[in-house]
2 protein chains.
Amino acid sequence: MIRILLAEDQSMVREALAALLGLEPDFEVVAQVARGDEVLAAARAHDVDVALLDIEMPGMTGIEAAAVLRRELPALKVVVLTTFGRPGYLRSAMESGASAFLVKDAPAAQLAAAVRKVLAGERVIDPTLAAAALAEGANPLTERERDVLRAAADGSTNAELAETLHLSQGTVRNYLSTAIQKLAARNRAEAVRIARDKGWL
Amino acid sequence: MIRILLAEDQSMVREALAALLGLEPDFEVVAQVARGDEVLAAARAHDVDVALLDIEMPGMTGIEAAAVLRRELPALKVVVLTTFGRPGYLRSAMESGASAFLVKDAPAAQLAAAVRKVLAGERVIDPTLAAAALAEGANPLTERERDVLRAAADGSTNAELAETLHLSQGTVRNYLSTAIQKLAARNRAEAVRIARDKGWL
DNA sequence: AGTCGGCGATGACAAATGTCATGGCCGTAC
DNA sequence: GTACGGCCATGACATTTGTCATCGCCGACT
């Protein structure tokens, strides 16, 4: 039996995926968690062969959890499953040690197929997405630029950003300005949107 | 047998939900669609008892599809299923004739239960969400304010908004200004975020 | 030893944004 | 028929935002 861990924060989707995987006679979903920071303990406790990780989760992202698993349980294979086919996500997932990267709007058959392939030592990546990830290059933002952009995403003003980030207003505006230029945006709002779309935020 | 139509744009989730529903011995998923504008034809073609509709779909939202179904096939029961528990969504869904409103992070067991309940003539609504919907009141934005806010959501400048909406820049700014005040926001970006969160966009 | 890039800051300037008062044109409700 | 509210517009004003030049401090790389 192939022992599977499922990490996904939406119960209904998680249990539905479990039902789907349960249709395969040699699959067994031995653990389900709803938070990224519960992945490691569950994987340890249930002698898991493959971890299926959603990216957007409370506590810790699936990508961060993948990195933890690689360090602590290197033999375990990781499949990252996500709603958003953002090239930046693919890049980070692979850098964190994932063996497969699937988007949720791929056909369901690919899920079981991916599990079998990663156990056979293969990597599974959507070719279109891989091309997009390579075409777009790496994240051009520095860490601070990312911080400021992330903080600006909710509509905070410069004064508030300066406050929460312990910076001067001028510095906040400088970082936003360079971020806007690097992303070829016309203002902070568009910069946020672009960075989000590419998975750079 | 209870004949079910499943409308959800992400294949993997859709097929997983089908697998989940398939575990109930008296349920039969007779049609699956990935677009809102395919719901009516599929419902007609397969003699459906219950339609499970996701809200976020290409072509037409699940809420719009619910309204169409009520008009064209009034006997059919509608269950709206969504990722986001936004009170405004609940309100619109009920106004469009849905019999149940479920969020995807509810336990999977509630899905089958909701299907049975709506067929028994009951309505199914998360009480917490219902309270939130009543507490927050109705959408305070006029149609034009909504239009402008929606158009501004991607970071367009006033000049571009004026262009695409065939308005003067001053009018655009007036609408945004009133929207910002109604939503108690401090700028357009925050107004967009608030309106999105409440399901008013 | 020198160069480069990230980080933080200041000051000045131009452009975009948000606010307010005011007006006209509608349709509906009282 | 008048009052109200939605829609569209203008002009004036203050504030916020975006850009640019310039500076200092560090650490890394050559």
Side-chain angles (χ1 to χ4, degrees), chain A residues 88 91-92 95 136-201, chain B residues 88 91-92 95 136-201:
Chain A
R91 182 180 293 265
S92 334
E95 285 170 359
E136 109 179 339
N139 187 337
L141 302 175
T142 68
E143 195 181 334
R144 288 311 259 161
E145 285 161 359
R146 241 188 346 265
D147 289 343
V148 176
L149 206 52
R150 218 187 337 255
D154 67 349
S156 297
T157 66
N158 285 330
E160 291 165 333
L161 295 175
E163 176 79 19
T164 61
L165 297 168
H166 307 293
L167 292 173
S168 82
Q169 286 200 34
T171 304
V172 167
R173 299 199 306 186
N174 286 338
Y175 279 134
L176 284 172
S177 182
T178 58
I180 288 166
Q181 291 185 315
K182 284 180 178 177
L183 299 174
R186 281 200 289 323
N187 51 54
R188 61 183 68 195
E190 198 182 8
V192 167
R193 190 178 56 73
I194 292 171
R196 269 226 187 91
D197 276 3
K198 303 221 175 189
W200 286 342
L201 208 66
Chain B
R91 183 180 292 265
S92 330
E95 285 169 0
E136 106 180 339
N139 187 340
L141 302 175
T142 69
E143 194 180 336
R144 290 308 262 160
E145 286 161 359
R146 243 189 344 266
D147 289 344
V148 176
L149 206 53
R150 222 192 326 260
D154 67 349
S156 297
T157 66
N158 285 331
E160 291 165 333
L161 295 175
E163 176 77 20
T164 60
L165 296 169
H166 307 293
L167 293 173
S168 82
Q169 285 199 36
T171 304
V172 168
R173 299 199 306 185
N174 287 340
Y175 279 133
L176 284 174
S177 183
T178 59
I180 288 166
Q181 291 184 314
K182 285 179 178 178
L183 299 174
R186 278 200 291 322
N187 51 53
R188 61 183 67 193
E190 199 182 7
V192 166
R193 190 177 56 74
I194 293 170
R196 270 228 186 90
D197 276 3
K198 304 222 176 190
W200 286 342
L201 208 66

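Just so you know, these numbers use all the heavy atoms, side chains as well, and skip hydrogens, waters and symmetry mates. Below, chain A is the first sequence line, B the second, and so on; all start at residue 1. Just so we're clear, the structure is a prediction, and the values are computed from it rather than from any experiment.
- Between Arg146(B) and Glu143(B) no salt bridge is recorded (no basic side-chain N to carboxylate O distance below 4.0 Å).
- Rounding to whole angstrom units, CD of residue Glu160(A) and C1' of dT17(D) are separated by 14 Å.
- Between Arg144(B) and dC8(D) there is a side-chain N or O to OP1 or OP2 distance below 4.0 Å.
- Heavy-atom minimum distance, Ala162(A) versus Ser168(A): CB-C, 4.0 Å.
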Extract from the structure each pairing of a protein N or O with an N or O of nucleotides 21-27 of chain D at less than 3.5 Å, listing the distance.
none

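- Rounding to whole angstrom units, CG of residue Leu141(B) and P of dG6(D) are separated by 11 Å.
- By the side chain to side chain donor-acceptor pair (under 3.5 Å) test, Asn139(A) is found to be paired with no residue, residues two or more places apart in sequence or in another chain being considered.
- Two end axes, each from the C1' atoms of five base pairs, can be drawn for the helix from dA1(C)-dT30(D) to dC30(C)-dG1(D); they diverge by 30°, to 10 degrees.
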Listing, residues 194-201 of chain A side-chain donor-acceptor contacts under 3.5 Å, not counting sequence neighbours, or none:
none

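- One finds the CG atom of Leu167(A) at 11.0 Å from the CG atom of Asn158(A) (value rounded to the nearest 0.5 Å).
- Legend: residues meeting side chain to side chain donor-acceptor pair (under 3.5 Å) with Asn174(A), ordered by chain and number and at least two apart, are absent.
- Across the protein-nucleic acid pair, Arg186(A) atom CZ and dT19(D) atom P stand 11 Å apart, rounded to whole Å.
- The CG atom of Leu161(A) sits 6.5 Å away from atom CG of Leu176(A), with the distance rounded to the nearest 0.5 Å.
- Between Gln181(A) and the phosphate of dC20(D), there is a side-chain N or O to OP1/OP2 separation shorter than 4.0 Å.
- DNA chain C is contacted by no residue of residues 188-201 of chain A, taking any non-hydrogen atom closer than 4.0 Å.
- With a 4.5 Å cut-off on side-chain heavy atoms, Gln169(A) and Val172(A) do not count as touching.
- Nucleotides of DNA chain C that come within less than 4.0 Å of any heavy atom of chain B span, from the 5' end to the 3' end, dT17(C) to dC20(C).
- In this view, Arg91(A) satisfies the side chain to side chain donor-acceptor pair (under 3.5 Å) rule with no residue, not counting sequence neighbours.
- Atoms CZ and OG, on Arg188(A) and Ser156(A) in that order, are 9.0 Å from each other to the nearest 0.5 Å.
- Looking at which nucleotide of DNA chain D each of Ile180(A) and Tyr175(B) is closest to, the 5′-most match is held by Tyr175(B).
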Kindly give the atom pairs (protein nitrogen or oxygen, nucleotide nitrogen or oxygen) under 3.5 Å for nucleotides 12-16 of chain D.
{"from": "dA12(D)", "atom 1": "N6", "to": "Arg173(B)", "atom 2": "NH2", "distance (Å)": "3.3"}

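- Between Leu183(A) and Leu141(A), some side-chain heavy-atom pair lies under the 4.5 Å cut-off.
- Sorted by first then second residue, the salt bridge (Lys or Arg N to Asp or Glu O under 4.0 Å) pairs that include residues 151-179 of chain A, not counting sequence neighbours, are Glu160(A)-Arg186(B).
- Atom pair Glu145(B):CD and dC7(D):P shows a separation of 7 Å (rounding to whole Å applied).
- Legend: residues meeting side chain to side chain contact (heavy atoms under 4.5 Å, CB included) with Thr142(A), ordered by chain and number and at least two apart, are Arg144(A), Glu145(A), Lys182(A).
- For the residue pair Ala185(B) and Ala191(B), the shortest heavy atom distance occurs at CB-N, 3.5 Å.
- If you check residues 164-172 of chain A against DNA chain C, the residues with a heavy atom closer than 4.0 Å are Leu167(A), Ser168(A), Gly170(A), Thr171(A), listed by number.
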